[in-house]
Structures are given as structure tokens and as C-alpha cells.
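Data block below; observations after.
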Amino acid sequence: MFFEEQGAEFFEKDAEKEYSGVSSDKTKLLFDFALSASALRDIDSVLEKTAYFFCKILDCDRASIFIWDKKKKKLWSKVALGLDEIIELEPDKGIVGFVFSQKRPVIINDPYSDPRFNPDIDKKTGYKTKNIIALPLITYSGNIVGVIEGINKFEEEFDEEDIKFAQILSTYAANSIENALLYSEIKRTQEEIVVRLSIAAEFRDKTTYNHLVRMSIYSYLIAKEMGFDEEWCEKLRLAAPMHDIGKLGVPDRILLKPSKLTDEEFKEMQKHTIYGYDILKDSDIDILKMGANIALCHHERYDGKGYPRGLKGEEIPIEARIVALADVVDALLSRRPYKEPFGIDEVVDFVKKESGKHFDPKVVSAFLRIIPQVKKVLEKYGVD
Ligand code: C2E
Ligand code: SIN
Ligand code: SIN
Ligand code: FE
């Protein structure tokens with residue numbers, strides 16, 4: 001620790017020497033940016049922070065960031081030029097396209113006489129572009145992720161000194177942007193795999209994609225309403241679809257029976273909770289661990305009369321108390337081979353009646369407060 005602190009101090013001094021005088025403020029801003037950007041994972045926050053620091057360090061009015069979309073082969077921007085819409089550009093047109101394809105920075109101090117400049121956006125926004133600096137966003141490992149553009153330096157014109165600072169900033173920015181894009185791709189992939197595997201597990205049962213999406217959204221909304229933080233709620237949304245994965249282990253003659261189950265058969269059926277737990281329990285992945293608890297405990301009841309262990313009240317993990325309600329609500333709203341669907345008012349009456357019996361009263365009252373949102377989900381995803 002001691003040595004690390006010393007190291008940081010020496011580095012800061014060296015950096016100050018190199019960019020002496022007025023530039024030491026900028027060096028400090030670069031450090032602030034590097035520190036705060038590396039902690040961010042979501043792309044919008046990374047872009048916002050980058051644009052903010054770019055303007056401060058280069059002392060200019062606006063910054064726009066254009067991200068390369070490999071699939072569409074276009075550069076897109078959200079934080080661009082004071083427009084709210086997302087802009088898409090061709091990778092070989094205009095100043096941004098030039099910087100992207102040549103992979104080198106440019107300064108343009110008289111844009112209206114530069115043939116690469118497109119004055120349409122100025123016309124649309126009523127903004128007057130006086131000078132431009134634009135740099136490719138290239139990561140440490142040499143990947144180009146897009147272009148950053150600064151517009152209208154306040155006091156003077158952009159110069160070589162600006163390029164030096166902008167290059168340091170844009171390397172940090174490129175790495176943060178690449179990380180954020182990878183992170184969101186991983187999350188999207190993970191979510192789709194979880195839902196699709198859960199459907200595979202319930203294929204025989206004809207549980208639909210929409211049932212899993214609906215019940216996981218209700219779970220998320222209830223958790224949010226109960227005051228859990230966004231990260232936990234999001235984890236719950238991803239873990240909830242796995243609750244019935246253990247139905248994989250239930251024989252067809254029981255799972256597919258078109259009529260009421262005998263007591264013996266229902267006992268077999270109840271084992272889906274334990275099978276699900278066994279499939280997921282040894283994982284190191286947070287979402288799967290939460291999925292294991294949910295699989296095991298989603299048929300426990302608040303009054304202790306549930307299965308498989310007859311846990312009571314707070315002994316049941318909160319994620320399972322939430323999923324228990326979300327799952328039953330959607331099961332009741334759905335048509336099953338062995339029963340007709342309930343209407344929403346019937347379901348609300350049922351849930352109220354079961355408060356403190358089947359369901360945790362705190363979960364029930366959160367659910368009752370989000371009924372308008374539940375109705376919207378039903379409109380969007382339909383009832384089976
Ligand atoms: P599922 O059909 O998805 O139902 C999930 C849970 O929703 C049920 O858990 C139950 O708590 C609730 N539920 C569903 N339909 C009704 C209903 O008509 N009335 C009431 N009061 N609650 C309802 P449960 O009972 O532990 O059942 C677990 C799973 O066992 C069910 O999942 C289903 O796959 C199967 N199952 C339960 N009963 C029968 C049955 O009579 N026949 C057949 N073929 N399968 C059944
Ligand atoms: C479902 O069909 O997804 C719910 C069934 C259950 O909770 O056992
Ligand atoms: C659903 O799980 O929402 C549909 C159930 C079914 O069709 O049996
Ligand atoms: Fe279940």
C-alpha cells in the first residue's frame with residue numbers, strides 16, 4: 001500500500017513536469033476522468049462522463065461521441081450535437097467518417113470551407129460550428145471503437161497541445177466504452193440463455209416464453225416496490241425464470257396429465273423443487289445461486305404449509321417469497337390443461353385472501369400497489 005501511494009505521487013509529479021504550468025489542471029482532470037470512468041459499466045454513463053470531461057479538458061462547448069456498430073456498419077451517436085434522436089453516420093463520409101477510416105485526429109478551424117463538413121445538422125439545430133477537433137477512439141490493444149468530436153473552443157482555436165490531451169483521454173474512453181459494450185453484450189446473452197434454457201426445461205409442459213417473461217417482470221416490479229436496489233432487482237429478474245427448471249426430472253405421465261393429479265402423483269410433482277435446486281446449487285454464478293434458492297423454495301408458504309420443507313415466514317428466502325406470488329398470479333391468469341384462466345379481479349381477491357397464509361403480507365401489499373403496471377405487462381405480453 002505504502003509503495004503504491006508513493007508510485008502514484010511520483011507519476012503525478014512527472015506528468016506535471018511534462019505538461020507544465022497551465023496544463024496541470026488538465027492533468028488532474030485526466031486523472032479524475034480515468035478514475036471515474038473505470039468504475040462505470042453502463043454505456044450511457046460512460047458516454048456522458050467522457051463528453052463532460054472532454055469539454056472541460058479541451059475548453060470547448062460541445063462533445064459528440066460516435067460508436068462503431070459492427071453489424072450495421074454504421075457509426076451511431078446519442079450524445080450528439082444537442083439533438084435528442086440517435087444519429088447514424090456512414091463510416092466513410094464527413095469529418096467523423098474521415099477520422100474513423102484514416103484512424104488519425106484532425107483539427108478544422110474553418111469548417112464551412114471544408115468539403116468534408118456537413119452543414120445540415122447546424123441548419124437543423126440553429127447552432128454555428130466554428131471549429132472542430134476529432135479523434136479516433138482506439139483501445140490499448142488497437143481496436144477502434146468510434147470517434148470523439150469536440151466543437152467550438154471557447155477562447156481560441158484547437159491546436160497540437162489539445163490533441164495531446166485529447167489522445168490520452170480518448171484512449172481511456174475507448175477502453176471504458178469497449179468494456180461497457182462487452183458488459184451489456186454479456187448481460188444480454190446471459191439473459192437470453194437463462195430464459196431459453198428454462199423454456200427447454202418446461203417444453204413438455206408447454207410453459208410459454210411469455211409466462212416466464214411476465215412472472216419475472218412481476219418479480220422485478222414487486223422487489224422494486226419493496227425498496228430493493230436496482231442491482232438486486234435485476235438479478236431477481238434474471239433468476240426468476242429458472243424456478244421450475246426441475247420439472248425436467250418429473251415423468252411425462254405426471255407432468256402432462258390432462259386432469260387432476262392423485263396424491264401420489266402430486267408428491268412426485270413436488271420434487272421439481274429439489275431437482276431444480278440440485279441442478280443449480282453448486283454454481284459460483286450469483287444469478288444461478290439465487291435461482292437455486294428460488295427453485296427450492298418457490299412453493300413454500302408463509303404459514304409454513306408449503307413444500308418441500310414447510311419453512312415459515314422469514315425462514316423462506318425473500319427472493320422465493322416474491323417469486324411464489326409472481327408465479328401463482330401468472331399461473332392463475334393462464335389457461336392450464338387442468339383449469340380455466342382467472343380474470344385479474346379474481347386474482348386480486350385471491351391474493352388478498354391468501355395474505356399471511358400462502359403469501360408474505362409485505363409482498364402482497366407491494367403487489368397490490370403495482371397492479372396498474374401488471375395490467376400493462378398483460379397487455380404487452382398477452383395471457384396464454
Ligand atoms: P403451475 O400450473 O404452473 O402452477 C403453479 C402454482 O400456481 C401451483 O402450485 C398453485 O400454487 C398455483 N395454481 C395454479 N393453478 C391454480 C388453481 O387453479 N387454483 C389455485 N388455488 N392455485 C393454482 P402447485 O399447486 O404446487 O403446483 C405445482 C405444479 O404442479 C403446477 O404448476 C402444475 O405443473 C402441477 N399441477 C398442480 N396441480 C395439478 C393438477 O391437478 N393436474 C396437473 N396435470 N398438474 C398439476
Ligand atoms: C410454471 O408453470 O412456470 C409455474 C409452475 C410452478 O410454479 O410449479
Ligand atoms: C403458461 O405457463 O403461461 C402457459 C401454460 C400452459 O399453456 O399450460
Ligand atoms: Fe413450481
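Just so you know, ligand 1 is whichever comes first in the structure, and atom 1 is the first atom listed for that ligand.
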Pairs of nitrogen or oxygen atoms closer than 3.5 Å, one from Lys257 and one from ligand 1: do any exist?
yes

Within less than 2.8 Å of the Fe ion (ligand 4), any N, O or S from Asp327?
no

Report yes if some N/O of His358 lies less than 3.5 Å from some N/O of ligand 1; otherwise report no.
no

State if Pro258 counts as touching ligand 1 under the rule of any non-hydrogen atom under 4.0 Å.
no

Just by distance, no angles: are the side chains of Tyr183 and Asp42 close enough, under 3.5 Å, to form a donor-acceptor pair?
no

Heavy-atom distances under 4.0 Å are what count here, so tell me which part of His299 touches ligand 1: side chain, backbone, both or neither.
side chain

Answer with yes or no whether the side chains of Tyr127 and Asp61 bring together a donor and an acceptor at under 3.5 Å.
yes

Quick one: angle Asp244 OD1 - the Fe ion (ligand 4) - His298 NE2, to the nearest 10°?
90°

Out of curiosity, is Lys247 lining ligand 1, as in a heavy atom under 4.0 Å away?
yes

Only one of His358, His272, Arg309 passes side-chain hydrogen bond (donor to acceptor under 3.5 Å, both in side chains) with His299, and that residue is His272

Against heavy atoms of Leu332, which atoms of ligand 1 measure under 4.0 Å?
16 (C), 17 (C), 19 (N), 20 (C), 22 (N), 23 (C)

Does His272 bring an N, O or S atom to under 2.8 Å of the Fe ion (ligand 4)?
yes

Under a 4.0 angstrom heavy-atom cut-off, which atoms of ligand 1 come close to Tyr307?
24 (P), 26 (O), 28 (C)

Lys/Arg N to Asp/Glu carboxylate O, Glu230 vs Lys224, below 4.0 Å
yes

I need the minimum non-hydrogen distance between Glu225 and Arg369, along with the two atoms involved.
OE2-NE, 2.6 Å

Do Asn131 and Asn152 have side chains that approach each other closer than 4.5 Å (heavy atoms only, starting at C-beta)?
yes

Below 4.0 angstrom from a heavy atom of Phe350, which ligand 1 atoms are there? Numbered from 1 as shown, please.
21 (N)

Is it the case that one hydrophobic cluster holds both Met215 and Leu368, taking links as side-chain heavy atoms less than 4.5 Å apart, direct or via other members?
yes

Ser259 to ligand 1: N or O pair under 3.5 Å?
yes

Crowded around Lys56 NZ? As in, over 12 foreign heavy atoms under 6.0 Å?
no

